[in-house]
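Note sheet for the following structure.
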Amino acid sequence: MAEHLTQLKGFNGFSYLDLADAIGIKNSSIHYHFKAKADLALALVERVHEVQSTALDAFDNTLDTPQQRLQAVADSFQAYIQDEKFCLCGMMAAELQSVSPAVRSHLTLYFKDLQAWLTKQFVAMGETDAQNRALRFVSTAEGSLLLARLEGDPQIVGQALKSFIHG
């Protein structure tokens, strides 16, 4: 539920009381597991990073071409908007001034790992500047999420990422 609230409102857009009300427990129960909200933020980023790593490994193992794998990533970004959400790590990166150094470090690692995986896909496609293309993919994905959310049009994400997949 904390992930959901972060994706909808931003990490600073809800309190422990909001979270407790949403899941039907006492506020003190959340404090028992996460002494400070920074601890919750770190746990969320670590979990999302782990989920992303598992998904990227699955794409590598189940999809035959880099284009199919890139499309799967584009589809996962588009799914956020279809659920009226935003990428959790992108949302927290937007709130960077209010996160702890540990969260900042894990956010950096999340995006570096995503870019490294994307670079591998672009190398397999024969791109001469695969690292730069990976950086632009991530930037375009996160930026298109903002525009899609603002305009209420999930298709913006797919349109923005299409050129990375199909040449």
Side-chain angles (χ1 to χ4, degrees), residues 2-13 38 41-167:
E3 181 177 342
H4 179 77
L5 289 172
T6 301
Q7 290 174 305
L8 286 176
K9 299 179 175 190
F11 192 71
N12 293 317
L42 182 59
L44 287 171
V45 172
E46 287 174 337
R47 187 178 105 33
V48 167
H49 189 193
E50 183 178 316
V51 167
Q52 173 191 269
S53 294
T54 300
L56 297 179
D57 287 345
F59 296 157
D60 281 337
N61 294 326
T62 61
L63 300 173
D64 296 328
T65 68
Q67 290 85 353
Q68 290 172 329
R69 294 186 284 272
L70 291 171
Q71 185 63 58
V73 171
D75 292 346
S76 68
F77 273 93
Q78 190 162 335
Y80 289 130
I81 294 301
Q82 290 168 333
D83 294 336
E84 298 183 8
K85 296 179 185 176
F86 199 81
C87 167
L88 180 133
C89 289
M91 185 70 86
M92 284 200 178
E95 299 177 310
L96 196 58
Q97 297 306 316
S98 63
V99 300
S100 71
V103 171
R104 179 185 292 233
S105 175
H106 278 79
L107 287 170
T108 300
L109 183 59
Y110 168 90
F111 283 109
K112 282 187 183 293
D113 285 352
L114 176 57
Q115 287 177 55
W117 184 87
L118 290 165
T119 297
K120 185 173 73 172
Q121 305 312 311
F122 290 124
V123 165
M125 292 170 64
E127 291 286 335
T128 56
D129 192 1
Q131 276 187 310
N132 187 41
R133 191 136 170 104
L135 173 62
R136 289 185 323 203
F137 185 101
V138 172
S139 300
T140 301
E142 294 291 342
S144 67
L145 282 174
L146 288 171
L147 294 174
R149 192 174 195 199
L150 178 66
E151 295 182 24
D153 183 1
Q155 300 308 310
I156 288 173
V157 176
Q159 290 168 354
L161 295 175
K162 182 171 40 176
S163 67
F164 290 96
I165 300 161
H166 303 293

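Judged as a salt bridge (charged side-chain N to carboxylate O under 4.0 Å, His left out), and not counting sequence neighbours, the contacts of Lys120 are Asp60. Under the side chain to side chain donor-acceptor pair (under 3.5 Å) criterion, Arg149 pairs with no residue, sequence neighbours left out. Every residue two or more places apart in sequence or in another chain that forms a side chain to side chain contact (heavy atoms under 4.5 Å, CB included) with Asn132 is listed here: Asp129, Leu135, Arg136. In this structure Gln7 satisfies the side chain to side chain donor-acceptor pair (under 3.5 Å) test with no other residue, sequence neighbours excluded. For Phe86, there are no ring-ring contact (aromatic ring centres under 6.0 Å, His included) partners two or more places apart in sequence or in a different chain. Annotation: side chain to side chain contact (heavy atoms under 4.5 Å, CB included) contacts of Ala74 (sequence neighbours excluded): Gln71, Leu161, Ile165. Residues passing the side chain to side chain contact (heavy atoms under 4.5 Å, CB included) test with Asn12 are Glu95, Ser98, sequence neighbours excluded. With sequence neighbours excluded, the residues that form a salt bridge (charged side-chain N to carboxylate O under 4.0 Å, His left out) with Arg47 are Glu3.
The ring-ring contact (aromatic ring centres under 6.0 Å, His included) pairs that include a residue from residues 53-76 number zero, where partners must be two or more places apart or lie in different chains. Applying the side chain to side chain donor-acceptor pair (under 3.5 Å) rule to pairs touching residues 100-114 yields Glu46-His106, His49-Asp113, Gln52-Tyr110, sequence neighbours excluded. Within the structure, every pair that satisfies the ring-ring contact (aromatic ring centres under 6.0 Å, His included) test and touches residues 121-155, not counting sequence neighbours, is listed here: Phe137-Phe164.
Annotation: side chain of Leu42 is not in contact with side chain of Val99 (no heavy-atom distance under 4.5 Å).
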